[in-house]
Amino acid sequence: MGIWNDTQVAAFRRITAFLKTQGTVPGIQLGHAGRKASTERTWVDRGRPIAPEEPNGWTPVGPSALAFDEASTLPEELTTDRIRGIVQEFAAAAERALAAGFEVAEIHGAHGYLIHQFLSPYSNRRTDEYGGSFEGRTRFALEVVDAVRAVWPEDLPLFFRISATDWLAENPADDRDGWTADDTVRFAKELHARGVDLLDVSTGGNAPSAKIETGPGYQVPFADRVRNETGMPVAAVGMITEPVQAQEIIATGKADAVLLARELLRNPYWAHRAARELGRDLTFPIQYHRA
């Protein structure tokens with residue numbers, strides 16, 4: 001789905017209006033795939049890259065002319081003028097999101113997409129003001145935040161999704177430079193000062209060959225560290241599937257919120273299951289009562 005034109009705004013209004021009648025808060029995630037763009041749908045041929053000469057394919061863009069992997073199309077390195085144009089496109093998308101009735105916006109700066117590509121020295125080899133130092137590599141992300149916050153009302157939440165690490169520094173056998181947990185803590189302070197209300201802490205997605213030790217709640221320690229070292233509200237994600245597991249994360253102060261994605265695809269009634277197991281009552285739509 002996208003929100004780069006007003007026709008999409010009109011279509012989203014029907015969805016957000018319905019969500020509000022059901023007592024929930026509609027939110028939207030704003031992102032740019034960067035060098036990971038021009039791919040098939042994930043449920044068709046595993047989302048394989050589509051070459052520019054193929055139908056529906058195009059040349060993606062990125063901070064540097066470095067492909068995500070051997071199968072991916074070589075991206076075009078963005079000019080500084082085009083970078084600044086994309087910053088304004090994020091702001092325009094936020095304005096459309098507001099007009100479409102969304103009440104939470106999240107800037108997607110994780111999982112190897114464009115903002116993450118700029119943040120990490122693994123994918124950003126630029127030598128101008130948008131590369132090199134920590135300040136240079138974070139410049140694009142902070143410009144996007146400033147542009148979005150300028151058009152997004154102060155009384156509506158703005159989230160930022162981050163990959164807390166590229167999982168390169170954690171592997172002693174891997175000598176490649178990447179984005180680290182230390183970088184995330186430092187960057188979180190900048191985001192909080194610029195009006196980001198919550199950091200959505202994920203990991204990985206930028207270095208396809210990175211070694212990642214996964215397991216239930218394996219990303220929670222990164223959220224915990226940001227929260228306790230910066231005071232910024234955070235959300236934990238990643239293989240959080242059990243209600244008691246989510247409750248423990250909140251109750252022990254490891255995160256301020258738990259966000260679910262795939263578990264809700266598997267079980268859309270997870271919230272009702274959690275309420276039942278944790279001793280709380282939720283109401284069902286009246287059409288469901290007979291079940």
Side-chain angles (χ1 to χ4, degrees), residues 1-9 28-39 49-54 56-69 72-100 105-152 158-163 166 177-179 183 186-187 190-191 193-196 205-207:
M1 304 200 311
I3 194 159
W4 60 79
N5 63 48
D6 292 339
T7 300
Q8 294 160 334
V9 171
I28 189 169
Q29 195 176 71
L30 305 174
H32 189 304
R35 68 178 184 169
K36 278 188 162 183
S38 190
T39 64
I50 301 175
E53 61 272 14
E54 293 184 74
N56 300 318
W58 70 91
T59 300
V61 297
S64 303
L66 297 168
F68 173 65
D69 57 24
S72 299
T73 301
L74 186 70
E76 178 182 321
E77 183 171 308
L78 286 162
T79 65
T80 54
D81 285 345
R82 185 71 185 97
I83 291 170
R84 290 166 187 146
I86 292 174
V87 170
Q88 294 310 309
E89 288 166 6
F90 267 98
E95 287 184 302
R96 292 191 191 97
L98 186 64
E106 178 172 82
I107 298 169
H108 199 325
H111 298 164
Y113 299 129
L114 185 62
I115 292 175
H116 186 180
Q117 291 162 27
F118 271 91
L119 292 175
S120 174
Y122 176 79
S123 47
N124 184 347
R125 310 292 173 84
R126 300 176 74 95
T127 57
D128 62 3
E129 67 265 42
Y130 289 99
S133 66
F134 176 88
E135 290 77 13
R137 289 182 284 108
T138 59
R139 187 182 308 277
F140 172 62
L142 294 177
E143 288 180 354
V144 169
V145 167
D146 288 344
V148 170
R149 186 77 271 185
V151 301
W152 193 252
L158 177 64
F159 296 175
F160 189 100
R161 183 158 220 193
I162 195 165
S163 282
D166 284 338
D177 288 334
W179 184 258
D183 292 329
R186 182 179 175 185
F187 186 53
E190 294 266 6
L191 293 174
R194 290 169 183 260
V196 173
N206 197 42

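This structure is a prediction, so every number in the text was calculated from the model and none was measured.
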Can you tell me if S38 uses its side chain to pair, donor with acceptor, with the backbone of P60 under 3.5 Å? no
Working to the nearest 0.5 Å, report the span between CG of D166 and CG of D177. 10.0 Å
From F134, F140, Y113, W179, residue fulfilling ring pair (Phe, Tyr, Trp, His ring centres under 6.0 Å) relative to F118: F140
Should L30 and H108 count as side-chain neighbours, where that means a heavy-atom distance under 4.5 Å? no
S120 versus G178, closest heavy-atom pair with distance: OG-CA, 3.8 Å
So Q117 and N206, do their side chains get closer than 4.5 Å, heavy atoms only? yes
Could I get the full list of side chain to side chain contact (heavy atoms under 4.5 Å, CB included) partners for A92, not counting sequence neighbours? R96
Donor-acceptor contact below 3.5 Å, side chain K36 vs main chain L114: no
R137: salt bridge (Lys or Arg N to Asp or Glu O under 4.0 Å) partners, not counting sequence neighbours: none
Sequence-distant partners of E76, salt bridge (Lys or Arg N to Asp or Glu O under 4.0 Å), two or more places apart: none
Considering non-hydrogen atoms only, spot the tightest contact between A91 and A147 and give its length. CB-O, 3.7 Å
Nearest-0.5 Å distance, CD1 of residue I28 to CD1 of residue I3: 4.0 Å
Checking salt bridge (Lys or Arg N to Asp or Glu O under 4.0 Å) for the pair R186/E135: CA distance, chi angles, key distance, verdict? CA-CA 11 Å; R186 182 179 175 185; E135 290 77 13; 2.7 Å; yes
Main chain of S72, side chain of D69: is a donor-acceptor contact present, judged purely on distance under 3.5 Å? yes
Apply side chain to side chain contact (heavy atoms under 4.5 Å, CB included) to A141 and list each qualifying residue two or more places apart in sequence or on a separate chain. I115, L119, F160, F187
Return each pair, listed once, that meets side chain to side chain donor-acceptor pair (under 3.5 Å) where at least one residue sits in residues 138-150; pairs must be two or more places apart or across chains. Y130-E143, D146-R194, R149-D197
For residues A51 and T73, report the shortest heavy-atom separation together with the two atoms involved. CA-OG1, 3.9 Å
With a 4.5 Å limit on heavy-atom distance, are the side chains of R35 and S123 in contact? yes
Does N5 have more than 12 heavy atoms from other residues, nucleotides or ligands lying within 6.0 Å of its CG? yes
Let's go through E190 and L142 carefully: what are the C-alpha distance in whole Å and the side-chain angles of both, what is the deciding distance for side chain to side chain contact (heavy atoms under 4.5 Å, CB included) to 0.1 Å, and is it a yes or a no? CA-CA 8 Å; E190 294 266 6; L142 294 177; 4.0 Å; yes
Verify, without hydrogens or angle tests, whether E54 (side chain) and I50 (backbone) share a donor-acceptor contact under 3.5 angstrom. no
Do H32 and I86 have side chains that approach each other closer than 4.5 Å (heavy atoms only, starting at C-beta)? yes
Between L74 and T59, is any pair of side-chain heavy atoms under 4.5 Å apart? no
Going from CD on E106 to CG on L158, what distance comes out if it is rounded to the nearest 0.5 angstrom? 9.0 Å
Hey, is R84 close enough to E89 for a salt bridge, meaning N to O under 4.0 Å? no
Evaluate the side-chain proximity of R126 to T80: yes if any heavy-atom separation is below 4.5 Å, no if none is. yes
Please examine the side chains of L98 and V151, heavy atoms only from C-beta on, and report whether any two atoms are closer than 4.5 Å. no
Residues which pass side chain to side chain contact (heavy atoms under 4.5 Å, CB included) with R125, listed by chain and number, not counting sequence neighbours: S64, L66
